[in-house]
Enquirer: 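Here you go, one structure.
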Amino acid sequence: MTEQQKTTATGASPTPTFDDHRLEMLMGRLLQTGVLLASVTVLIGGVLFLIARANQPANYRTFSAESANLRHPSHLLPLLAAGDPTAIIQLGILLLIATPIARVLFGVIGFAIERDRLYTAVSIAVLTILIISLFR
């Protein structure tokens with residue numbers, strides 16, 4: 001009996017296998033999408049920043065750091081809602097930082113689905129190190 005005959009007889013479609021190749025392809029797409037999304041976000045913020053400050057002369061003699069509101073994600077939300085260009089740039093940077101963390105988290109889930117205990121444990125260890133280093 002062929003696979004299609006089995007599918008027709010049981011009424012269910014065959015489940016696709018979740019192998020290493022598919023996991024690698026999905027992880028690659030996740031990284032590409034994250035970097036592309038972060039890049040577009042920073043680009044949009046940069047263009048808005050330049051448009052907003054087009055008529056202001058540049059002062060290279062004094063250094064002005066970013067606002068304290070941009071240093072914490074919870075303070076970033078009201079600025080994003082207001083359309084602040086520097087907040088949009090900061091969001092793009094946060095997306096860029098979150099991309100490899102999302103990849104490792106996806107790896108933990110994917111290796112757990114594959115029931116590969118060694119790689120699941122290694123991925124959990126890497127994720128733990130990433131999270132600890134992010135908050136310290």
Enquirer: If we check side-chain contact (heavy atoms from CB on, under 4.5 Å) with Thr128, which of these qualifies: Ile124, Ile131, Val126, Leu130?
Expert: Ile124
Enquirer: If I take atom CD from residue Glu114 and atom CZ from residue Arg22, how far apart are they, to the nearest 0.5 angstrom?
Expert: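 These two atoms lie 11.0 Å from each other.
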Enquirer: Using 0.5 Å steps for rounding, measure from the CG atom of Leu91 to the CD1 atom of Ile88.
Expert: 8.0 Å
Enquirer: Kindly state each residue pair satisfying side-chain hydrogen bond (donor to acceptor under 3.5 Å, both in side chains) with at least one member in residues 82-99, sequence neighbours excluded.
Expert: Asp84-Thr86
Enquirer: Got a list of side-chain donor-acceptor pairs under 3.5 Å for residues 38-51, not counting sequence neighbours?
Expert:
unit_1, atom_1, unit_2, atom_2, d
Ser39, OG, Val35, O, 2.8
Thr41, OG1, Leu37, O, 2.7

Enquirer: With Arg29, which residues qualify under side chain to side chain donor-acceptor pair (under 3.5 Å), at least two apart?
Expert: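 Only Gln32 meet the side chain to side chain donor-acceptor pair (under 3.5 Å) criterion with Arg29.
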Enquirer: Among the clusters formed by ILVMFWY side chains lying less than 4.5 Å apart, do Leu134 and Leu105 turn up in the same one?
Expert: yes
Enquirer: What residue pairs, at least two apart or across chains, pass side-chain hydrogen bond (donor to acceptor under 3.5 Å, both in side chains) with a residue in residues 117-126?
Expert: none
Enquirer: Only counting residues at least two apart or in another chain, list the ones meeting side chain to side chain donor-acceptor pair (under 3.5 Å) with Ser133.
Expert: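 By the side chain to side chain donor-acceptor pair (under 3.5 Å) rule, Ser133 matches no residue at all.
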Enquirer: Linking I/L/V/M/F/W/Y whenever any side-chain heavy atoms sit under 4.5 Å apart, do Ile93 and Phe135 land together?
Expert: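 In one cluster: yes.
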Enquirer: Do Ile97 and Leu31 sit in one hydrophobic cluster, given that two such residues count as connected whenever their side-chain heavy atoms are within less than 4.5 Å of each other, even indirectly?
Expert: no
Enquirer: Can you check side chain to side chain contact (heavy atoms under 4.5 Å, CB included) on Leu94 and Leu76, steps first, answer last?
Expert: CA-CA 11 Å; Leu94 287 175; Leu76 196 62; 3.6 Å; yes
Enquirer: Can you tell me how far the CD1 atom of Ile109 sits from the CG atom of Leu26, to the nearest 0.5 Å?
Expert: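 That separation rounds to 11.5 Å.
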Enquirer: Which hydrophobic side chains are connected to Ile129, either touching it within the sub-4.5 Å cutoff or through other members that do?
Expert: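 Other cluster members: none.
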